[in-house]
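Reading through the structure tokens given below for one structure.
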Number of protein chains: 2
Amino acid sequence: MANAHPRKKRESASPSPTPGATVTSRALALLGSFDSAHPRLSLSEMARRAEIPVATAHRLSSELVFWGALERSGQDYVVGHRLWKLGLLAPVRKNIGELAAPYMQDVLFVTQNVVNLFILEDDHVLLLERLSGTRSGAPFRRVGEQLPLHASAAGKAILAFGAPDLWETALENMARAGQMTEHTISSPAQLRREVAMVRERGYATTSQEAGLDNFGIAVPIISSDGTCTASLGVVTQNQPVAVGPIVPVLRIAARGIGRRISLGGEY
Amino acid sequence: MANAHPRKKRESASPSPTPGATVTSRALALLGSFDSAHPRLSLSEMARRAEIPVATAHRLSSELVFWGALERSGQDYVVGHRLWKLGLLAPVRKNIGELAAPYMQDVLFVTQNVVNLFILEDDHVLLLERLSGTRSGAPFRRVGEQLPLHASAAGKAILAFGAPDLWETALENMARAGQMTEHTISSPAQLRREVAMVRERGYATTSQEAGLDNFGIAVPIISSDGTCTASLGVVTQNQPVAVGPIVPVLRIAARGIGRRISLGGEY
DNA sequence: GATCCGCTTTCCGTCTAATGGAAAGTTTCG
DNA sequence: CGAAACTTTCCATTAGACGGAAAGCGGATC
């Protein structure tokens, strides 16, 4: 025989097949290894982040790629086209984002500033929709980003007009998070004062609280059932926002959005 | 003993456990059962559409809900929040959509019409981004929707300036698809004539070809490497678009987008 | 140009986790 | 109030998932 070892026989297979994880959870963990800071990953990075063996990661990602949940880009993996399309069907975006967009346009028309729509999610606010023109400077936040309640105009607006039990959540977060910049509110008393002022004035502002050179105004979006879980705002870089002319514009838009929200039910 | 049947003993379990499907493929099939026409589904509808037994569908969807890929909305299931956020990381949207948005704003400012960005996907065009103001009438297309190459301004613009091998794909589709309205182009000769004209003029139009009361103009977006896989356009309802003043605006925006596309590599 | 290192991909013996029919529980409807 | 349709739970069976090992693949480094 020419060939002494046609194929090496492997006797041990997988001594510790698995702890207690389901296939689906692993596949989802792979998807979950992507985030805005890691939009493209190699196989071994995915495996590391998802904490599953490479061999398993390899098999599963192939399936995800086959379906279109992931795509290969050179040697790396990226989120697939099909997943994006699927995400468009999510009620948050369909019910609020799409509805609000035209009103946000109006604000952009008039103010020429970056316009943001934030919604409340758990213990923070989430940037749901963002508009910017070619003249409004580079937007520094991305749709899908999150900010704490106490360090954003959007968050404070919701805090002032939203459900009262948000208050403790916000305080806990503030204590846990520490300051993002030297201007970040960091004492309960200060936050209380600030929020009271927001409630009185009807709008919230930030001055470099979540980032230097980062100014913003936001007004609450109060839906037709009286609840407030969203806010509309504009942000500028370098110089403070011109509150006077902008607040009325935001108010009108926010009322327009609020009127139409939650007539169609929950999101 | 007081209890004769503490628990009925089941002897048969699952005679035909499975054909040849993987767990992952089933889970993905469940996700795939959602589309723009079916954004919310009951368990049994999901199971039916995905062609898997309800019991299995039930188990898997629970896991999907647990992770956040799906959410429950009353008795039904909808696409989850987390999936939407994940979708935002898809290169299509991040690399082209975000880049194009500010230019599209400019067009909206000037023309006050619904502005659409389509990209080429397989044998059709896909609506990647859409802007509309409060004054531009109800937009009738949704982001994520698809149109055939031969029955849309966007498609014809890409057909005229894009890769030559698109031509046969378009013809095949046209033959297969049939007319969407009485105005839809349906003969190869007619399409050829139309596309030649688009190439000469530099822009494409449609008049009720994809839907009645549905008029549009589109110009190609030619990226800095000379290829064309996207187009920018406006649409109106009821009356034809005013070509004269709009085309130059679209051209400028499309050039701006094209210049910046594909410097960062593929999407 | 040989050696090493880290990565992707393939292989396959073992065995756990997935399976789905059936039954029970729940809501809807006439 | 019974029938129909749907959701949820159960569990005996086994098909599919598992992952260590080894092979293959660049691209650094000496």
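Labels below follow one simple rule: chain letters A, B, ... track the order of the sequence lines, proteins then strands, and each chain is numbered from 1.
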[X] [atom1] to [N] [atom2]: how many Å, rounded?
X       : N      : atom1 : atom2 : value
B:Arg72 : D:dT8  : CZ    : P     : 5 Å
B:Leu64 : C:dA18 : CG    : C1'   : 14 Å
B:Gln75 : D:dT8  : CD    : C1'   : 10 Å
A:Leu60 : D:dG16 : CG    : C1'   : 12 Å
B:Asp76 : C:dT27 : CG    : P     : 15 Å
A:Leu30 : D:dC18 : CG    : C1'   : 14 Å
B:Arg59 : C:dG20 : CZ    : P     : 8 Å
A:Leu28 : D:dA17 : CG    : C1'   : 16 Å

Item to check | Non-hydrogen atoms of A:Pro220 and A:Phe161 that approach each other most closely | outcome: CG-CD1, 3.4 Å
Next on the checklist: Quick check: closest heavy atoms across A:Ala100 and A:Leu117, and the distance to 0.1 Å?
Outcome noted: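 Scanning both residues completely, I find the closest heavy atoms to be CB-CD2, 3.6 Å.
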Checklist entry - Going by atom types alone, do B:Arg40 and B:Tyr77 pair a side-chain donor with an acceptor below 3.5 Å? => result no
Item to check | Side chains of B:Glu172 and B:Thr169, donor plus acceptor under 3.5 Å | outcome: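 Result is no, nothing qualifies.
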Checklist entry - Where the side chain of B:Val23 is concerned, which of C:dA18, D:dT8, D:dG19 is the nearest nucleotide? => result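 Selected nucleotide: C:dA18.
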Checklist entry - Are A:Leu86 and B:Leu31 close enough that some pair of their side-chain heavy atoms sits under 4.5 Å apart? => result yes
Checklist entry - Short question: side chain of A:Ser223, backbone of A:Gly226 - any donor-acceptor pair under 3.5 Å? => result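 Between the backbone of A:Gly226 and the side chain of A:Ser223 there is no qualifying donor-acceptor contact (under 3.5 Å).
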Checklist entry - Does the pair B:Arg142 and B:Ser36 meet the rule for a side-chain hydrogen bond (donor to acceptor under 3.5 Å, both in side chains), with working shown? => result CA-CA 9 Å; B:Arg142 296 197 135 200; B:Ser36 45; over 6 Å; no
Checklist entry - Does A:Thr24 or A:Tyr77 map to a spot on DNA chain C nearer the 5' end, using the closest nucleotide for each? => result A:Tyr77
Next on the checklist: Using a 4.0 Å cut-off on heavy atoms, which residues in residues 43-56 of chain B reach DNA chain C? List them by number, or say none.
Outcome noted: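 Only B:Pro53, B:Ala55, B:Thr56 qualify.
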Checklist entry - C:dT9 phosphate, OP1 or OP2: any side-chain N/O from A:His58 under 4.0 angstrom? => result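 Yes, such a contact exists.
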